[in-house]
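Just so it is clear: chains get the letters A, B, ... in the order the sequence lines come, proteins before strands, and each one is counted from 1. Below, each value reflects all heavy atoms present in this structure, side chains not excepted, and no hydrogens, waters or symmetry copies.
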2 protein chains.
Amino acid sequence: MLKPTKPDLILDGAIAEFLERGYAAASMDRIAARAGVSKATVYSHFQSKENLFVALIERLVKSKFLVLLEPGQIEAVVDVPPDVFLRELATKILEQPSNDPDLTNFMRMVVGESGRFPELAKAFVSALTATGLRSLTFYFKACPHLEIADPEATARVFVGAIAHFIITQHILYGAEIIPMAEERLINTLVDLITG
Amino acid sequence: MLKPTKPDLILDGAIAEFLERGYAAASMDRIAARAGVSKATVYSHFQSKENLFVALIERLVKSKFLVLLEPGQIEAVVDVPPDVFLRELATKILEQPSNDPDLTNFMRMVVGESGRFPELAKAFVSALTATGLRSLTFYFKACPHLEIADPEATARVFVGAIAHFIITQHILYGAEIIPMAEERLINTLVDLITG
DNA sequence: GTCTATATCGCGATAGAC
DNA sequence: GTCTATCGCGATATAGAC
């Protein structure tokens, strides 16, 4: 499509503005300017700043950052050795912040606004965390020779260790304070789970 | 002391305001009102909103939330069985959000403002995450019969799994979407590490 | 539908009396 | 040191022409 619709232009401008400044500091004037439309046009499509923000985050949750773990990916690889599969999975997740720098600011905003926008936080958990945990739990159950007593809790440990590593190292700039090679985390995690 | 100083009154008011609304939406008028002083008095002690915010977060990082893991605590218990010790440690950390509800909003704010206040994020990582990891790494090294190949990375897994559980369940309201008893995480984590 | 122009308000920060 | 009163600005949101 050569001519994107105005709402799409507005949402694109809003992404940049909100991700850069956060909800409260984002300006509807700047969003309109970035989109190349007037402020009145923004308000004719989204009735308020809060409406625009909610529509935006829901769009981001549903489309842009859903690639992390697609349900179909895991079921197809039950024949690969578990340590190889888990190592690849961990590597792929840890690469995400480098592949899409927006992801870092997006997580900052979801966490930062979770107290004032609980529904958005829940949408994030449902779409990303819950989906990933469900897939990984399914995989652990499908690998009976791993003898995992509690597949669901084991998935929490795996995802939690990796997600917190990303939060600490990249989002909170811990890489400059307590650096650690990703391989060490991956090796330790895979060894713990596959024995 | 019967009469708290003005700066302390101001900081107390600022805590509530910033934790409730976040940096950008916090109002210097409301902070002054909460502290029971005039706005000019606030500016005479802290030259700007940003200065006040930085002073506040540094105070919170250094004092209020440092109780999580004191360095002296771990060294004294090398004779307790590791599984018992790790279980108690995990339980204590997981209880923190209930013991101090401010902790939840504090973590929301540190993560949410980390892009615009990187130094505060680093102060948080240095004071809390790094301290906790250092203590736990020391403990793992002092338990040679656990045969931990990489104590530092193992500490990351332990702390990361628990911290991410808190973030998902409490900060992002995941408890309503993907509930899980804390015991299951603790059991799984301790079993993985102590074999 | 989209624009320009404006209404209304609260913000961070300060001047000046006491 | 602390107050009252205020400045200048940019915010969200809207009215009305086209």
Side-chain angles (χ1 to χ4, degrees), chain A residues 1-59 105 108-109 112-113 115-117 119-120, chain B residues 1-60 105 108-109 112-113 115-120:
Chain A
M1 209 193 277
L2 289 174
K3 264 185 57 179
T5 71
K6 288 278 159 78
D8 280 337
L9 283 175
I10 293 167
L11 282 173
D12 287 342
I15 290 179
E17 176 73 7
F18 279 121
L19 287 184
E20 268 179 31
R21 313 222 180 205
Y23 176 76
S27 148
M28 296 295 269
D29 286 79
R30 275 190 298 264
I31 290 173
R34 287 202 213 234
V37 302
S38 79
K39 199 164 45 165
T41 303
V42 175
Y43 276 92
S44 81
H45 290 278
F46 307 91
Q47 299 87 331
S48 68
K49 184 184 187 181
E50 184 167 330
N51 273 14
L52 174 58
F53 182 66
V54 171
L56 173 69
I57 299 294
E58 283 176 351
R59 195 174 92 149
N105 278 331
R108 284 190 180 114
M109 210 171 50
E113 300 298 336
R116 288 167 293 274
F117 295 92
E119 298 310 316
L120 294 187
Chain B
M1 211 193 277
L2 288 174
K3 263 184 57 177
T5 70
K6 288 278 159 77
D8 280 337
L9 284 174
I10 294 167
L11 282 173
D12 286 342
I15 290 178
E17 177 73 7
F18 279 122
L19 287 185
E20 267 179 31
R21 313 222 179 205
Y23 176 77
S27 149
M28 297 295 270
D29 286 76
R30 274 191 298 264
I31 289 173
R34 286 203 213 235
V37 303
S38 78
K39 197 162 53 164
T41 302
V42 175
Y43 277 92
S44 82
H45 290 277
F46 308 90
Q47 300 87 332
S48 67
K49 184 184 186 181
E50 184 166 330
N51 273 15
L52 174 57
F53 182 66
V54 171
L56 173 69
I57 299 294
E58 283 176 351
R59 196 175 93 149
L60 287 178
N105 277 331
R108 283 189 181 114
M109 208 171 52
E113 301 297 339
R116 288 167 293 273
F117 294 93
E119 297 310 316
L120 294 187

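- Protein atom NZ of A/K49 is 8 Å distant from nucleotide atom C1' of D/dA11, rounded to whole Å.
- In this entry the distance linking CZ of B/F53 with C1' of C/dC11 reads 17 Å, nearest Å.
- A/K49 contributes a side-chain N or O that, together with a main-chain N or O of A/A24, makes up a donor-acceptor pair within less than 3.5 Å.
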Would you please test A/R59 and A/D12 for salt bridge (Lys or Arg N to Asp or Glu O under 4.0 Å) and show each step? CA-CA 11 Å; A/R59 195 174 92 149; A/D12 287 342; 3.1 Å; yes
Strictly under 3.5 Å: I want the nitrogen or oxygen pairs between protein and nucleotides 3-10 of chain C, one per line.
residue, atom, partner, partner atom, Å
C/dC3, OP2, A/S38, N, 2.8
C/dC3, OP2, A/S38, OG, 3.2
C/dC3, OP2, A/T41, OG1, 2.4

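- Distance B/E50 CD to C/dA13 C1': 14 Å, rounded to the nearest Å.
- In this entry the distance linking CZ of B/F46 with P of C/dA13 reads 14 Å, nearest Å.
- Nearest heavy-atom pair, A/V42 versus A/V37, reported as atom, atom and distance to 0.1 Å: CG2-CG2, 3.9 Å.
- In terms of heavy atoms, A/F18 sits closest to A/M109 at O-SD, 3.3 Å.
- Look at CG on B/N51: it is 14 Å from P on C/dG12, rounded to the nearest Å.
- Within the nucleic acid shown, A/A26 comes within 4.0 Å of sugar-phosphate atoms alone, with no base atom in reach, counting heavy atoms only.
- When each of D/dT12, D/dA13, C/dA13 is scored by its nearest atom to the side-chain atoms of B/S48, the top-ranked nucleotide is C/dA13.
- To the nearest angstrom, C1' of D/dC9 lies 15 Å from CG of B/D29.
- Residue A/Y43 contributes atom OH, which lies 5 Å from atom C1' of D/dA13 at whole-angstrom precision.
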Evaluate salt bridge (Lys or Arg N to Asp or Glu O under 4.0 Å) for A/E20 paired with A/R30, printing each intermediate quantity in order. CA-CA 12 Å; A/E20 268 179 31; A/R30 275 190 298 264; over 6 Å; no
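- One atom, CD1 of A/I10, and another, C1' of D/dT12, lie 15 Å apart when rounded to the nearest Å.
- When atom types are taken as modelled, the side chain of A/E17 and the backbone of A/M28 share no donor-acceptor pair closer than 3.5 angstrom.
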